[in-house]
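A short write-up of the structure that comes next.
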2 protein chains.
Amino acid sequence: MADGGEPGTVRPGGRTARVREAVLRAAEDALTEQGFSGLDLADIARRADVGKTTVYRRWGTVAALVADLLQDMAEQSAPRTETGSLLGDLTANALLVQRTLTDPRQGPLFKALIAAATGDARTAAALHRFYDIRVREWAPCVRQAVDRGEVPRGTDAHEVVRAVSAPLYYHLLISGDRLDETAAARAAEAAVTAARAGVYVTDRGRKG
Amino acid sequence: MADGGEPGTVRPGGRTARVREAVLRAAEDALTEQGFSGLDLADIARRADVGKTTVYRRWGTVAALVADLLQDMAEQSAPRTETGSLLGDLTANALLVQRTLTDPRQGPLFKALIAAATGDARTAAALHRFYDIRVREWAPCVRQAVDRGEVPRGTDAHEVVRAVSAPLYYHLLISGDRLDETAAARAAEAAVTAARAGVYVTDRGRKG
DNA sequence: TCGTTAACGGGTCTGTGGTTCCGTTAGCAG
DNA sequence: CTGCTAACGGAACCACAGACCCGTTAACGA
């Protein structure tokens with residue numbers, strides 16, 4: 001008794017780690033190719049060259065597996081570019097997002113991850129954490145812009161970064177419009193314009 | 001032979017129409033409660049008091065049923081309010097969207113519809129059509145603003161309306177942030193600010 | 001190096017969602 | 001009103017994802 005709980009926690013090295021890695025990669029492939037609804041544990045096990053019992057025992061549900069995949073993805077981060085101006089930085093961010101979402105592998109993967117999150121609270125929490133980390137990485141460029149006097153003090157840096165991504169995801173998921181460099185540039189420009197005008201200042205009204 | 005094709009096309013009245021209505025309402029309920037992944041035709045048939053054979057024969061797949069539901073939803077439209085200013089109009093729009101997405105019934109339903117669209121091209125097309133219609137209904141207020149001189153000529157009215165919704169859907173699906181009146185007001189304000197600055201003018205560069 | 005046992009994996013069973021068959025109901029043309 | 005047949009619906013059938021059992025492999029502490 002008292003073995004800690006979840007399998008994989010007592011002997012996390014060697015084979016266990018290898019299996020986890022293989023299954024997560026296989027899940028990524030399966031999600032990319034079949035999407036969230038066409039997902040099946042046996043198929044993932046086959047792709048990963050792993051017993052399907054293992055997949056069931058370690059993760060149990062598709063939702064839990066996706067949540068674990070999101071945690072794994074959150075850990076590996078891409079570095080941020082710095083251009084010296086807020087518009088330059090956020091345009092770089094918008095282009096990064098645009099390229100990711102139109103990538104023939106990453107695009108479908110992200111769609112599937114978001115779809116998975118709509119149906120399960122734990123997956124949704126993992127998705128929110130993933131994006132929170134990504135937003136956090138880019139927030140400093142907004143704070144630098146505040147210091148330079150480009151945007152008003154009190155601007156919510158996170159909200160500005162989110163405002164850049166929002167229209168791109170809207171195109172991807174909802175309107176289906178073309179998601180090209182123009183759309184990315186426009187998203188960055190709109191966010192910067194609004195930020196400069198003080199739209200993202202959180203405590204408006206207190207000082208006036 | 002040569003009976004036209006799809007069932008329900010030769011005798012569309014009476015029972016057939018009643019069944020379609022009942023099934024669509026049941027599908028709406030099921031989507032709202034169970035989400036997209038937990039959907040099953042037998043359950044929908046039970047809710048609709050209809051043989052599951054009928055559901056299978058008429059729609060075949062979950063995706064096709066959802067697509068039909070979206071078409072049905074697209075047909076019934078909500079009227080648009082007019083306030084006289086672009087900010088007023090778009091704030092009304094943002095609040096409408098915000099209230100819809102936070103509604104305990106509609107919110108989960110829309111999440112499920114969007115999730116369904118990520119996995120199937122026909123469902124995606126139906127979703128795009130639905131939103132295109134909604135955007136089209138609100139576009140006139142942007143064109144009126146152009147006529148009043150509030151925003152520059154050449155502004156893409158559809159893109160402005162989409163810009164209002166985008167952050168709200170981003171909150172709902174991706175970041176998980178609170179989706180309150182403040183967020184709605186901010187979304188409208190950001191869109192108006194950017195529109196005034198000419199961010200949504202489509203043929204920029206041609207005239208300069 | 002060795003022993004303990006966590007973790008894996010093949011094989012089998014089972015519940016359930018999807019499919020088909022065929023008799024029944026009812027829309028609609030005459 | 002009547003007949004033809006489109007469309008529905010109950011029930012049996014089937015395939016397959018998910019659950020389980022138990023023998024095998026290998027992580028890790030001593």
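Letters A, B, ... are given to chains in the order of the sequence lines, protein chains preceding strands, and every chain is numbered from 1.
Note that CZ of A/F110 and OG1 of A/T100 are 6.0 Å apart. Values are rounded to the nearest 0.5 Å.
Using a 4.0 Å cut-off, no side-chain N or O of B/Y56 falls inside it from OP1 or OP2 of C/dG18. OP1 and OP2 of C/dA26 both lie 4.0 Å or more from every side-chain N or O belonging to B/R18. Close to C/dA7, at under 4.0 Å from its OP1 or OP2, lies no side-chain N or O of A/T54. Between B/R58 and D/dC8 there is a side-chain N or O to OP1 or OP2 distance below 4.0 Å.
Rounded to whole Å, the distance from CZ on B/R20 to C1' on D/dA6 is 18 Å. A/L65 has its CG atom 15 Å from the C1' atom of D/dG18, to the nearest Å. If you take CD of A/E21 and P of C/dC8, they are 14 Å apart, rounded to a whole angstrom. If you take CD1 of B/I44 and P of C/dG17, they are 12 Å apart, rounded to a whole angstrom. For the pair B/D43 CG and C/dG18 P, the computed distance is 11 Å after rounding to whole Å. Spacing between atom CZ of B/R46 and atom C1' of D/dG10 amounts to 14 Å, rounded to whole angstrom units. Look at CH2 on B/W59: it is 11 Å from C1' on D/dC8, rounded to the nearest Å. A straight line from CZ of A/R15 to C1' of C/dC8 spans 4 Å, rounded to a whole angstrom.
Look at B/R143 and B/D147 and you find no salt bridge, because none of the NZ, NE, NH1 or NH2 atoms lies under 4.0 Å from a carboxylate O. Salt bridge absent: B/R99 and B/E181 never bring a charged side-chain N and a carboxylate O closer than 4.0 Å.
Between A/T202 and A/D156, the side chains place no donor N or O within less than 3.5 Å of an acceptor N or O (distance only, hydrogens not considered).
Side-chain N/O atoms of A/T53 and base N/O atoms of C/dG10 include a donor-acceptor pair closer than 3.5 Å. Residue side chain A/K52 reaches the base of D/dG18 through a donor-acceptor N/O pair under 3.5 Å, judged by distance alone.
Checked by atom type and distance alone, the side chain of A/T118 pairs as donor or acceptor with a backbone atom of A/A115 at under 3.5 Å.
Mapped onto DNA chain D by nearest heavy atom, A/R57 and A/L39 fall at different nucleotides, with A/L39 at the one closer to the 5' end.
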